[in-house]
Each structure stands twice: as structure tokens, then as C-alpha cells.
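In what follows, a structure is listed as C-alpha cells, so that the remarks can point back to it.
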2 protein chains.
Amino acid sequence: MKDGMTIGDAAKASGVNAKLIRYYESIGLIPEAVRTASGYRVYSATDVNILRFVKRGRTLGFGIERIQKLVGLWNDRSRCSSEVKRIALQHIEELEAKITELQAMRDTLHDLADACHGDERPECPILKDLAS
Amino acid sequence: MKDGMTIGDAAKASGVNAKLIRYYESIGLIPEAVRTASGYRVYSATDVNILRFVKRGRTLGFGIERIQKLVGLWNDRSRCSSEVKRIALQHIEELEAKITELQAMRDTLHDLADACHGDERPECPILKDLAS
DNA sequence: CCTTGACCTTCCAATCGTTGGAAGCCCCAT
DNA sequence: ATGGGGCTTCCAACGATTGGAAGGTCAAGG
């Protein structure tokens with residue numbers, strides 16, 4: 001193999017765990033890797049770029065399925081940017097919803113914790129709320 | 001059975017799905033239900049209270065394990081409220097961390113979406129970032 | 001009494017993304 | 001050739017929930 005690296009090297013180069021790379025391949029997120037005669041997967045610089053793309057997408061909270069779509073758009077030179085933007089905006093909406101939900105949890109708990117003396121006495125507004 | 005209800009009734013009364021009630025029993029979060037001669041689970045008003053406690057805890061984002069601890073403290077009349085408060089504060093911290101993480105994702109994506117024309121042209125800062 | 005339909009039972013599987021282990025093969029260096 | 005580290009595949013677990021299949025039970029109505 002002249003230009004290829006092993007899965008371990010690709011993992012180091014992309015920041016994606018070797019196990020995860022195999023998983024991504026198994027679910028069809030990335031194409032099946034070329035193999036050496038003995039069965040080792042071989043990766044090129046292009047493959048590493050795809051892996052980095054995937055990793056960045058995960059960091060931004062995109063689900064695998066959505067990343068798959070983005071990879072497709074990435075490889076389609078004639079795609080409209082509007083299509084990508086639509087996916088991003090939808091993801092932003094979902095992030096907002098999750099954030100709002102978590103903030104509501106935090107605020108409620110914050111109020112309860114404020115009302116709780118937090119001393120050696122058994123009286124506890126937090127448990128009182130949970131039992132309500 | 002004089003005072004008992006079926007799992008379906010307990011589900012309606014507590015808001016916890018019957019399947020989930022069985023699951024909670026299987027992992028030991030709630031005690032094993034009494035059974036009728038034919039094997040049906042029987043629930044009391046007290047059981048429903050526990051289920052509501054669990055559901056409220058889940059709504060506030062507590063994990064099962066932590067809820068288990070809270071149920072234990074709830075049943076311990078001599079517990080310190082400080083112990084409950086400590087759990088709540090730790091959970092608040094974790095919620096904050098998750099919120100911050102999601103906000104960072106949202107902010108980054110927001111900037112990228114702003115920079116993206118979102119028209120029929122292929123030029124797209126979002127994909128450019130992902131590929132970086 | 002018998003059927004019907006709604007409920008209950010258990011067991012098994014899928015979700016989502018990732019990580020871990022076991023068993024076995026491959027490659028390189030000593 | 002012996003060791004050790006990386007590679008392979010397969011299987012399982014995480015957390016919480018949901019779904020389905022196959023079969024038993026209960027209550028109501030014909």
C-alpha cells in the first residue's frame with residue numbers, strides 16, 4: 001500500500017476511535033474501506049477528511065442520519081446551500097427545544113434547592129415536591 | 001383484592017406506562033408487586049405514590065440510579081435534608097453543563113447559518129466548517 | 001355456557017452512539 | 001521463533017423506553 005494507513009493511524013489522524021470507524025462503516029455512514037490481502041482496512045487522506053467531517057458534525061450535535069445527509073450534500077458539487085441551511089436550522093430548533101427543557105428542569109430544581117435548608121433536619125421541600 | 005388495582009389502573013393513576021412500571025420493578029427501582037392467584041400484579045395507593053415520585057424525578061431529569069437514592073431518602077424519616085440537597089445541587093450542576101454544551105452547539109451553528117446564503121448556489125459556509 | 005375483546009403475563013428486540021471484551025490472525029522487531 | 005502490539009470479527013453492555021409476539025385471564029353480553 002503506497003498511500004494508505006491502517007485504521008489506527010486513521011483514528012489518530014481524524015480523532016475518531018478505531019472502533020467507531022468500524023461502526024460507522026457497518027451502518028453505511030462511511031464507505032467500506034479497501035482491504036489489504038490479509039484483511040486490514042486501508043484509509044486514504046480523503047477518508048480521513050470524511051471522518052473529520054463526521055466528527056465535527058457529531059460535536060455540533062447532529063445525529064448520524066443527518067450527518068449522512070450532510071456528507072451526501074458535501075459530495076454533491078451542484079447542491080443548493082439552502083438545503084444545507086434548512087438542515088442546520090432544523091437542528092438549531094431542536095437544540096433550542098432541548099435547552100429550554102433542561103433550563104426548566106434547572107430552574108425548578110434551583111427554586112427547590114433554595115427553599116431547602118440543607119441541614120441535619122429531615123424537613124425537605126425537594127422531597128415534598130417530588131412526592132406531590 | 002379489596003384495595004388493589006391492576007397495573008393498567010396504576011399506570012393511569014400515576015402517569016407511568018405499564019411497560020415502564022414492569023421495567024422499574026425488574027431493575028429494583030420499585031419493590032416487587034404483590035400478585036393475584038393468577039399472576040396479575042396488584043398495586044396500592046402507596047405504590048401509585050411511589051410511581052408518581054419516580055415520574056416527577058424523571059421529569060426533572062434525574063437518572064434512575066439517583067431517583068433510587070431519593071426514594072430511599074424519602075422513606076427514611078430520619079434523613080438529613082442536606083443529603084437530598086446535595087444530590088439536587090449536583091444534578092443542577094450537570095444540567096448546567098449540558099445546557100452550556102448545547103448552547104455552544106447552537107451558537108456555532110447559528111453563526112454558520114447566518115453566514116450561509118441559503119439560496120440555490122452551492123457555496124456553503126456550513127459545509128466548509130464541517131470539512132475544516 | 002361460550003365467545004369476544006380488553007387486559008394481563010413473559011420474553012425478546014430495537015432504539016442511539018459508543019465502548020468494552022474475547023478469541024484469533026497479522027506484522028514487525030528482537 | 002517468540003513476543004507484543006495492532007488488526008480482525010462477534011457479542012454485549014450502557015439508559016430509558018418502546019414495540020411486538022405468544023399465550024393466559026377476566027368480565028360482559030348473546
Side-chain angles (χ1 to χ4, degrees), chain A residues 1-2 4-30 32-43 47 50-51 53-71 91 94-95 98 101-102 105, chain B residues 1-2 4-30 32-43 47 50-51 53-71 91 94-95 98 101-102 105:
Chain A
M1 62 178 110
K2 43 181 161 188
M5 47 180 120
T6 66
I7 197 171
D9 295 332
K12 275 174 212 147
S14 66
V16 180
N17 195 293
K19 283 224 141 166
L20 213 36
I21 295 176
R22 293 193 195 96
Y23 170 71
Y24 288 158
E25 179 184 317
S26 79
I27 62 172
L29 173 58
I30 58 176
E32 287 193 14
V34 177
R35 304 285 187 129
T36 65
S38 58
Y40 281 24
R41 288 173 179 83
V42 180
Y43 295 90
D47 294 325
I50 297 179
L51 286 169
F53 184 99
V54 171
K55 186 184 177 65
R56 177 82 178 129
R58 292 290 303 134
T59 301
L60 291 173
F62 285 99
I64 295 289
E65 202 172 341
R66 214 162 271 175
I67 290 177
Q68 201 146 11
K69 231 177 251 174
L70 290 172
V71 171
H91 186 51
E94 291 169 16
L95 287 171
K98 192 73 191 164
E101 185 189 348
L102 294 179
M105 294 177 184
Chain B
M1 59 179 114
K2 43 180 160 189
M5 47 181 120
T6 65
I7 196 171
D9 294 332
K12 273 174 213 146
S14 66
V16 180
N17 195 292
K19 282 224 142 163
L20 212 36
I21 296 176
R22 293 194 196 95
Y23 170 70
Y24 287 159
E25 179 184 316
S26 80
I27 62 172
L29 173 58
I30 58 176
E32 287 193 14
V34 176
R35 304 285 186 128
T36 66
S38 58
Y40 281 24
R41 287 173 179 82
V42 180
Y43 294 90
D47 294 324
I50 296 179
L51 286 170
F53 184 100
V54 171
K55 187 185 175 63
R56 177 82 178 130
R58 292 290 303 133
T59 301
L60 291 174
F62 285 100
I64 295 289
E65 201 171 342
R66 214 162 271 174
I67 289 177
Q68 202 146 10
K69 230 177 253 174
L70 289 172
V71 171
H91 185 51
E94 290 169 16
L95 287 172
K98 192 72 192 165
E101 186 190 349
L102 293 179
M105 293 178 184

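Chain letters run A, B, ... following the sequence lines, proteins first and then strands; every chain starts at 1. Worth saying up front: this structure is predicted, and the values here are computed from it rather than measured.
- Backbone-only contact: B:Arg41 has heavy atoms under 4.0 Å from sugar-phosphate atoms and none from a base.
- For A:Ala18 against A:Ala11, the heavy-atom pair with the smallest separation is N-CB, 3.7 Å.
- Rounded to a whole Å, the CD1 atom of A:Ile21 is 13 Å from the C1' atom of C:dT18.
- Here the CD1 atom belonging to A:Ile30 is positioned 6.5 Å from the CD1 atom belonging to A:Ile21, to the nearest 0.5 angstrom.
- Computed from coordinates, the B:Tyr43 OH to C:dC7 C1' distance equals 14 Å when rounded to whole Å.
- Between the CG atom of A:Leu29 and the P atom of C:dG17 there is a distance of 9 Å, rounded to whole Å.
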Query raised in the report: Going through the checks in order, is the salt bridge (charged side-chain N to carboxylate O under 4.0 Å, His left out) test met by A:Glu94 and A:Arg66?
Result: CA-CA 13 Å; A:Glu94 291 169 16; A:Arg66 214 162 271 175; 2.9 Å; yes
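- Here the straight-line distance linking atom CD1 of A:Ile67 with atom CD1 of A:Ile50 works out to 13.0 Å at 0.5 Å rounding.
- Contact between the side-chain N/O atoms of B:Thr6 and the OP1/OP2 oxygens of C:dC8 is found at a separation under 4.0 Å.
- The phosphate of C:dC27 has OP1 or OP2 within less than 4.0 Å of a side-chain N or O from A:Ser38.
- A:Gln68 places its CD atom 10 Å from the P atom of C:dG17, with the value rounded to the nearest Å.
- Each of B:Ile27 and A:Ile7 was matched to the nucleotide of DNA chain D holding its nearest heavy atom; the match closer to the 5' end belongs to A:Ile7.
- Rounded to whole angstrom, the span from the NZ atom of B:Lys12 across to the C1' atom of C:dC8 amounts to 13 Å.
- In this structure, B:Lys55 contributes its side chain and B:Gly15 its backbone to a donor-acceptor pair below 3.5 Å.
- Annotation: the span from A:Arg58 atom CZ to A:Leu20 atom CG amounts to 8.5 Å, rounded to 0.5 Å.
- Between A:Ala37 and A:Tyr24, the one whose closest nucleotide on DNA chain C sits nearer the 5' end is A:Tyr24.
- Within residues 55-66 of chain A, the residues that place at least one heavy atom under 4.0 Å from DNA chain C are, in residue-number order, A:Arg58, A:Gly63, A:Ile64.
- Summarising the geometry, the separation between CZ on B:Arg22 and P on C:dC7 is reported as 12 Å, rounded to the nearest angstrom.
- Atoms NZ (A:Lys19) and C1' (C:dT19) sit 7 Å apart, rounded to a whole Å.
- Looking at A:His91, its side chain never comes within 3.5 Å of a backbone N or O of A:Gly63 through a donor-acceptor pair.
- Ion pair B:Arg22/B:Glu25 not flagged as a salt bridge, since none of the NZ, NE, NH1 or NH2 atoms sits closer than 4.0 Å to an Asp/Glu carboxylate oxygen.
- Where DNA chain D meets chain B (any atom under 4.0 Å from a heavy atom), the bounding nucleotides read 5' to 3' are D:dA16 to D:dC26.
- How far CD of A:Glu101 is from OG1 of B:Thr59: 9.5 Å, rounded to the nearest 0.5 Å.
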